[in-house]
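Structure first, then comments.
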Amino acid sequence: MSGAVGREPVFPTRQSLGLMKSKLKGAETGHSLLKRKSEALTKCRAEITRRIDEAKRKMGRVMQIAAFSLAEVSYAVGGDIGYQVQESAKQARFRVRAKQENVSGVFLPQFESYTQDGVNDFALTGLGKGGQQIQRCRETYARAVETLVELASLQTAFLILDEVIKVVNRRDINSELDELDREEFYRLKKVSGKKQRDTAAADAEILAARKKAEAEEAAQAASGVVAEEPKAAESEAADILGEQEDNDVIF
Amino acid sequence: MEGLFFNVNGGFVEGIVRGYRNSLLTGQNYSNLTQCETIDDVKLQLGPAYGDFLATLPPNPSTSALAGKMTDKLVSEFRYLVAQSVGSTAKFLEYLTYGYMIDNIALLITGTLHERDTRELLERCHPLGWFETLPVLCVATNIEELYNSVLIETPLAPYFKGSLSHQDLDELNIEIVRNTLYKNYLEDFYNFVQTHPDFSGPTQEIMSEILQFEADRRAINITLNSFGTELSKQERRKLYPEFGNLYPEGSLMLSRAEDVEGVALAVSAVSDYKSFFDAVGLSQGGSGLGGMGGGPADGKSLEDLFYQKEMEMSKFVFTRQFTPAVVYAWMKLKEQEIRNVTWISECIAQNQKERIGNFISVF
């Protein structure tokens with residue numbers, strides 16, 4: 001279909017036939033491998049999308065509960081504890097560990113949250129009143145952050161996976177795209193060729209029609225229509241002095 | 001006899017406070033508030049009681065802004081009372097502000113310890129705990145300077161002296177410092193109302209009861225909140241106020257308690273507290289440490305029950321006359337009201353109406 005344009009310059013010998021065959025085989029294997037990889041990745045991405053959806057819904061719920069537990073704290077304590085909590089926190093209790101997961105050759109980062117036991121910097125906050133609410137609020141927020149970390153992990157994986165899938169698919173598609181390109185070019189050439197031909201035909205027709213018309217006029221003139229001509233000229237001259245209104249002349 | 005001369009100096013203040021009491025929100029107001037759909041509606045409902053103070057709020061204000069404005073009203077009313085009072089009543093009102101001062105000083109100590117610019121903290125200080133020399137404390141750059149200026153400049157010096165050194169401020173957890181101060185404050189206040197000649201009579205009766213309750217409540221809360229923390233039993237014991245219904249046997253048992261059951265046992269001598277513990281189901285092993293979500297008694301926690309009790313006591317104070325204790329009661333009621341409104345508007349803002357009834361209304 002592509003004609004001679006994209007064809008590999010092959011000299012027709014037995015040796016190059018063998019060469020070409022092995023090349024074709026390699027290309028096919030590569031293609032199917034890429035195809036499989038792309039499928040695996042797409043599947044993985046679908047899975048991640050589903051989990052992101054879940055995580056987001058969960059986050060909505062957890063955040064709501066967490067915000068509400070803060071309201072409980074402010075009710076129980078009757079004041080702002082924010083500053084004190086900020087200042088007394090020295091060590092992180094909630095920590096995140098990053099590791100990598102291998103999905104068909106793609107390294108996806110994964111965040112894992114864990115709590116450092118024994119670190120509890122503001123355990124005594126609200127000792128006089130509201131301490132239990134504060135501790136419970138802290139636990140609720142720890143759960144909220146856990147969900148956030150999970151979501152962050154999933155979204156990072158999603159972004160990377162998306163990029164990789166695009167690259168893999170492009171490798172696969174590139175050759176097809178080239179083919180399409182060539183086809184398109186050929187089609188355009190064909191179309192413009194046809195158009196040229198059509199225009200030429202149309203030109204020829206018009207030319208023929210004009211010639212024919214001229215020939216007919218000439219024939220009519222020859223058969224005594226000429227006598228009417230002076231008459232027409234006279235009536236035209238009479239018209240100027242006639243009763244018809246002239247156009248006003250405006251200076 | 002106590003009523004004979006009280007009105008000469010204290011009558012006006014008492015009258016004003018009784019007027020303030022009438023503007024407290026009633027059960028009807030609260031049921032209107034819980035019907036609201038937005039914070040703007042809440043604002044509208046609060047209009048008669050709070051008037052101008054809410055006028056400057058933007059449409060759909062945050063709950064904290066709303067609470068701030070409500071506190072402003074409390075503060076301005078209280079300042080008016082302070083300005084109108086003389087003699088022992090003035091002294092009494094001064095005592096009321098010490099609790100807030102302790103919070104403010106604790107804030108500044110925290111700031112100084114972490115080498116923050118304490119001037120920025122001034123605006124976070126509670127306005128009721130404001131005293132003229134508070135900004136002077138911001139000059140201190142290290143904890144020793146701060147300690148010295150606290151001793152010199154503040155009315156809280158007696159609470160520091162003898163129980164806290166400047167090394168303590170550095171080493172002890174700020175919460176321990178705060179609670180030590182508060183303990184000294186309560187004891188001093190108790191002593192003040194017990195011994196002052198002007199207060200023999202209704203003030204002494206009422207305030208003793210209220211302060212004893214407050215002392216017990218703190219002791220119980222501190223014990224419950226200290227489980228699972230590094231606070232040792234000896235340290236814990238030092239934080240218990242040395243008066244109250246539980247003192248001394250109950251306090252001793254509290255200081256030895258290792259779990260909720262121990263606390264329940266320690267307070268069982270006082271029938272009120274025993275019934276609280278029974279109500280939240282803590283005495284039978286307890287499903288979790290009570291809490292607003294956990295307790296079986298209509299979602300009431302131990303703290304809720306304490307608040308409820310406090311509010312009822314404050315309400316009954318108004319049945320007595322010739323005493324500045326009504327100011328104390330009014331302040332407590334007003335603070336509870338602010339907490340209630342904050343809670344309701346928080347429930348509305350977060351669309352969590354199931355628990356909106358979890359406030360305390362006594363009128």
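Numbered from 1 within each chain, the chains take letters A, B, ... in sequence-line order.
The contact between Leu121(B) and chain A is made entirely by side chain atoms (from C-beta outward), counting heavy-atom distances below 4.5 Å. For Asn340(B), the parts sitting under 4.5 Å from any heavy atom of chain A are the backbone and the side chain alike. Both the backbone and the side chain of Gln350(B) have a heavy atom closer than 4.5 Å to some heavy atom of chain A. With a 4.5 Å cut-off on non-hydrogen atoms, Ile360(B) touches chain A through its backbone and its side chain both. Residue contact with chain A, scored on non-hydrogen atoms closer than 4.5 Å, involves the side chain of Tyr307(B) exclusively. Interface remark: Ile176(B) contributes side-chain atoms only to the contact with chain A (heavy atom separation under 4.5 Å). Contacts of Leu239(B) with chain A are made by side-chain atoms alone, with heavy-atom separations under 4.5 Å and no backbone atom involved. For a residue to count as touching a neighbouring chain, one of its non-hydrogen atoms must lie under 4.5 Å from one of that chain's; by this rule Glu335(B) does not touch chain A.
Side-chain contact between Tyr100(B) and Trp130(B) is absent, with no heavy-atom pair separated by less than 4.5 Å. With contacts defined as side-chain heavy-atom distances shorter than 4.5 Å, the pair Leu224(B)/Gln132(A) qualifies.
Classification of the Trp343(B)-Phe68(A) ring pair by plane angle, with boundaries at 30° and 60°, yields tilted. Relative ring orientation between Phe189(B) and Tyr185(B) is described as parallel, the plane-to-plane angle staying below 30° on a 0-90° scale split at 30° and 60°.
Counting heavy-atom pairs closer than 4.5 Å to chain A, the top residue among Asn351(B), Thr110(B), Asn179(B) is Asn179(B).
For Gly99(B) against Tyr182(B), the heavy-atom pair with the smallest separation is CA-CE1, 3.9 Å.
For the residue pair Gln110(A) / Ser153(A), no side-chain donor-acceptor distance below 3.5 Å is found, with atom types taken as modelled.
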